[in-house]
Amino acid sequence: MDSNDRKTRENEYEAQFFGFTPEPFVNGVYNAVNDYVADCFQELETQIKSEPSMSSNASQEQLRVESEKMIKNFYRSMDGAFDRFEIYVKKNILKIPPHVLLPEDKVQDGHQYTVEDEKEIEKEIDEIERKIKAARYVNSELKQEREELDIALAQLEGLSKQMDEIQDAFKESGGIKKSIISVHEKAEKVHDLIAEGINSGMLQVQNTNDNEDSSETKTKKIKLN
């Protein structure tokens with residue numbers, strides 16, 4: 001923090017009451033006086049040059065040199081006076097004593113914070129920071145779980161789509177379901193005919209032996225509907 005910022009912070013209460021800080025006020029007064037002094041010396045030099053009796057036959061260069069000397073002597077004296085003026089103004093005029101409370105700050109009277117209050121506030125700040133960190137961790141975990149749920153949801157949607165396609169195939173005329181039923185019915189008919197033939201003796205179960213004559217083998221054809 002530089003000196004100007006430090007001075008501004010030290011005079012915050014004065015700025016609140018006056019609407020300005022002492023430093024720029026004193027500088028403004030100095031600049032105004034400086035302008036008036038410069039105008040006065042310029043006018044004095046002009047008057048001396050315009051009146052030969054006042055210049056005592058001095059040359060223009062001599063008048064300029066003497067005028068500069070007079071200005072330097074004046075400013076040397078004025079700077080010292082303004083230094084004392086600045087100290088006096090800041091200490092006695094534009095200074096609010098520590099015991100003075102401005103009307104707009106009276107609502108805070110009796111509510112001065114102690115060291116214990118400051119420690120308690122620091123504890124509350126630490127607790128809030130801890131909760132913020134915990135919330136950030138929970139948010140991170142929830143974000144990861146959400147990503148995993150999105151992946152699982154996408155997989156479920158793919159399976160659902162496949163199930164819909166299978167169901168559509170069964171619903172179609174002549175589809176897979178109908179073909180399976182037809183094959184099953186025909187298989188049952190074949191099974192029944194074979195069982196009936198065996199039971200009635202129309203069909204014989206043939207055992208293949210090396211000693212049997214192939215001419216003795218009897219077969220019967222069954223027509224399946």
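Just so it is clear, the model here is predicted, and its values are computed rather than measured. Residue numbers count from 1 along this sequence.
- By the 6.0 Å contact criterion, CZ on Phe18 is enclosed, its count of non-hydrogen atoms from other residues, nucleotides or ligands being greater than 12.
- Salt-bridge formation is detected for the pair Lys90/Glu23: a Lys NZ or Arg NE/NH1/NH2 atom is positioned less than 4.0 Å from an Asp or Glu carboxylate oxygen.
- A ring-centre distance under 6.0 Å is found for Phe85 and Phe82.
- At a threshold of 4.5 Å between non-hydrogen side-chain atoms, the residues Leu44 and Met70 count as touching.
- The closest side-chain heavy-atom distance from Met78 to Val37 is below 4.5 Å.
- Distance CD1/Ile132 to CD/Glu127: 10.5 Å, rounded to 0.5 Å.
- Residue Glu124 holds its CD atom at 11.0 Å from CD of Glu122, rounded to the nearest 0.5 Å.
- A salt bridge does not link Glu116 to Lys119: none of the charged nitrogens lies less than 4.0 Å from a carboxylate oxygen.
- Classified by interplanar angle (parallel below 30°, tilted 30° to 60°, perpendicular above 60°), the ring pair Phe20/Phe25 is parallel.
- Thr46 places a side-chain N or O within donor-acceptor distance of the main-chain N or O of Gln42, the cut-off being under 3.5 Å.
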Under 3.5 Å, which donor-acceptor pairs link side chains of residues 140-148 to any protein atom two or more places apart or in another chain?
none

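- Between atom OG1 of residue Thr21 and atom CD of residue Glu12 there is a gap of 10.5 Å, rounded to the nearest 0.5 Å.
- Atom-to-atom distance recorded for Asp117:CG and Glu120:CD is 8.0 Å, nearest 0.5 angstrom.
- The closest donor-acceptor contact from the side chain of Glu14 to the backbone of Pro22 lies at 3.5 Å or more, if one exists at all.
- Applying the side chain to side chain donor-acceptor pair (under 3.5 Å) rule to pairs touching residues 26-35 yields Tyr30-Asp79, Asn34-Tyr75, sequence neighbours excluded.
- Note on Val26 and Val33: same hydrophobic cluster, where clusters join Ile, Leu, Val, Met, Phe, Trp and Tyr whose side-chain heavy atoms are under 4.5 Å apart, directly or indirectly.
- Side chains of Arg76 and Asn73: a donor-acceptor N/O pair is present below 3.5 angstrom, by distance only.
- Counting heavy atoms from C-beta outward, Arg130 and Lys133 have side chains that stay 4.5 Å or more apart.
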